[in-house]
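Chain naming here is simple, since letters A, B, ... match the order of the sequence lines and numbering starts at 1 in each. Worth knowing before you read on, the calculation uses all heavy atoms, side chains too, and leaves out hydrogens, waters and symmetry mates.
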Protein chains: 2
Amino acid sequence: MTAPGPSSAEGLAATFAALGDPRRLAIISRLQDEGALSVSCLSEGADVSRQAISKHLKTLSEARLVSSVKSGRETRYNLEPARLEAANAFLVQVAAKWDQALQRLKLQLE
Amino acid sequence: MTAPGPSSAEGLAATFAALGDPRRLAIISRLQDEGALSVSCLSEGADVSRQAISKHLKTLSEARLVSSVKSGRETRYNLEPARLEAANAFLVQVAAKWDQALQRLKLQLE
DNA sequence: GCTATACGCAACCTAATTGTTGCACGTTTG
DNA sequence: CAAACGTGCAACAATTAGGTTGCGTATAGC
């Protein structure tokens, strides 16, 4: 499996796709608030099974949005901000070009 | 159809999901570079049919990432940056909390 | 050693996504 | 008016995503 780079169109789309699920966003929020957590811990409050959460973590892990460290019989998952920053950079760039377009429009009207 | 707000978990996930496709990212890039474009124009260079592009535009439109204006027999699609900024805000917030966590870790080590 | 815990993997089901083709309808244009 | 253009909608097939259940394996604790 050749993992696509974080800034290519495919890699970027994969990052956004991984972010495109309410449960995964909730997982990210919890990891952001509480630090590294295990699958069982993340599954406690959820309304789906542990395996569902585990699948979501696998998705996030394949998108390089989280990393996992095994510690005894537990596996702790943690945020991995690199891809988040790549996604952020894309959105910032689009917003910047949008502002440029607005500026040009403004100049044309004057 | 009750449209979810842009900052709710569902609305945010819907925004990211709409961004999570290479063709839709390509459409956004073209709209960003060339301004408002029609379906036919966007379909010319693509390797899929015009209807496929039209469906992607519908997806982007339902996610409020683009808006459409009918002009004669053409329909021009343009970027709508509000949701992009909401998505951006989420990523920035996650990154900020990540930095806070690093700072705390650093202080603990000292 | 034995039991309970934590986890991943595989099979299966259902629903959603992505793409295609064909058609209908309004708008230009000759 | 008639032909061509631009578009959207419906039906269909193929793939993917999200979820469940059951099972196997390794670690922790009594």
Side-chain angles (χ1 to χ4, degrees), chain A residues 1 3-4 9-28 30-31 34-78, chain B residues 1 3-4 9-28 30-31 34-78:
Chain A
M1 241 214 269
E10 294 156 17
L12 210 49
T15 301
F16 283 127
L19 291 170
D21 183 287
R23 293 186 207 282
R24 289 198 287 269
L25 283 186
I27 288 174
I28 288 177
R30 284 201 60 189
L31 293 182
E34 307 173 42
L37 296 176
S38 67
V39 184
S40 307
C41 183
L42 285 166
S43 307
E44 273 173 11
D47 56 345
V48 290
S49 67
R50 176 184 60 81
Q51 285 80 353
I53 300 293
S54 190
K55 272 195 183 180
H56 283 303
L57 283 169
K58 190 182 177 187
T59 301
L60 288 170
S61 187
E62 285 172 351
R64 309 279 181 192
L65 288 170
V66 304
S67 58
S68 62
V69 176
K70 291 184 69 172
S71 149
R73 64 180 166 184
E74 281 191 341
T75 305
R76 317 197 46 126
Y77 290 83
N78 209 347
Chain B
M1 245 219 272
E10 295 156 17
L12 209 49
T15 301
F16 282 127
L19 291 171
D21 183 287
R23 294 186 206 283
R24 288 198 287 268
L25 282 187
I27 288 174
I28 288 178
R30 283 201 60 189
L31 293 181
E34 307 172 43
L37 296 176
S38 67
V39 183
S40 307
C41 183
L42 284 167
S43 308
E44 272 172 12
D47 56 344
V48 290
S49 66
R50 177 183 59 81
Q51 284 81 354
I53 301 292
S54 189
K55 273 194 183 182
H56 283 302
L57 284 168
K58 189 182 178 188
T59 301
L60 288 170
S61 187
E62 284 171 352
R64 309 280 181 191
L65 287 170
V66 304
S67 58
S68 62
V69 176
K70 291 184 68 173
S71 148
R73 63 182 166 185
E74 280 192 342
T75 305
R76 316 196 49 126
Y77 290 84
N78 209 347

Which whole-number value in Å describes the distance from [X] [atom1] to [N] [atom2]?
| X | N | atom1 | atom2 | answer |
| --- | --- | --- | --- | --- |
| Ile53(A) | dA6(C) | CD1 | P | 15 Å |
| Arg23(A) | dA16(C) | CZ | P | 14 Å |
| Lys58(A) | dC9(C) | NZ | C1' | 8 Å |

Do the side-chain N or O atoms of Tyr77(A) get closer than 4.0 angstrom to the phosphate oxygens (OP1, OP2) of dG8(C)?
yes
If you compare every side-chain N and O of Ser54(A) against the phosphate oxygens of dG8(C) (OP1, OP2), does one of them come in below 4.0 Å?
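Indeed, a polar side-chain atom of Ser54(A) lies that close.
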Residue pair Cys41(B)/Val48(A) against DNA chain D: nearer the 5' end by closest nucleotide is Cys41(B)
If you assign Lys55(B) and Val39(B) each to the DNA chain D nucleotide with the nearest heavy atom, which residue ends up on the more 5' nucleotide?
Val39(B)
Where do Ser68(B) and Thr75(B) come nearest, in terms of heavy atoms and distance?
CB-CG2, 3.8 Å
If you compare all heavy atoms of Ile27(A) against all heavy atoms of Ile53(A), which two are closest, and at what distance to 0.1 Å?
CD1-CG2, 4.2 Å
For the pair [X] (side chain) and [Y] (backbone), establish whether a donor and an acceptor sit closer than 3.5 Å, ignoring hydrogens and angles.
| X | Y | result |
| --- | --- | --- |
| Arg76(A) | Ala36(A) | yes |
| Ser54(A) | Arg50(A) | no |
| Arg24(A) | Ala18(A) | yes |

Worked check of side chain to side chain contact (heavy atoms under 4.5 Å, CB included) between Phe16(A) and Leu25(B)
CA-CA 10 Å; Phe16(A) 283 127; Leu25(B) 282 187; 4.2 Å; yes
I'd like the 5' and 3' limits of the part of DNA chain D contacted by chain A, with heavy-atom contacts below 4.0 Å.
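Under 4.0 Å from chain A, the extent on DNA chain D is dG18(D) to dA28(D).
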Just checking [X]: base, sugar-phosphate only, or nothing, at a heavy-atom cut-off of under 4.0 Å?
| X | result |
| --- | --- |
| Arg76(B) | nothing |
| Thr59(A) | nothing |
| Arg50(B) | base |

CZ of Arg73(A) to OG of Ser38(A): how many Å apart, nearest 0.5 Å?
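Reported to 0.5 Å precision, the distance equals 10.5 Å.
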Between atom CG of Leu57(B) and atom CG of Leu31(B), what is the distance when rounded to the nearest 0.5 Å?
7.0 Å
What protein N or O atoms touch nucleotides 25-30 of chain C N or O atoms at under 3.5 angstrom, if any, and at what distances?
none

Go through it in stages, so that I can follow the logic: the residues are Glu74(A) and Ser40(A), the test is side chain to side chain contact (heavy atoms under 4.5 Å, CB included), and I'd like the CA-CA distance, side-chain angles, deciding distance and then a yes or no.
CA-CA 9 Å; Glu74(A) 281 191 341; Ser40(A) 307; over 6 Å; no
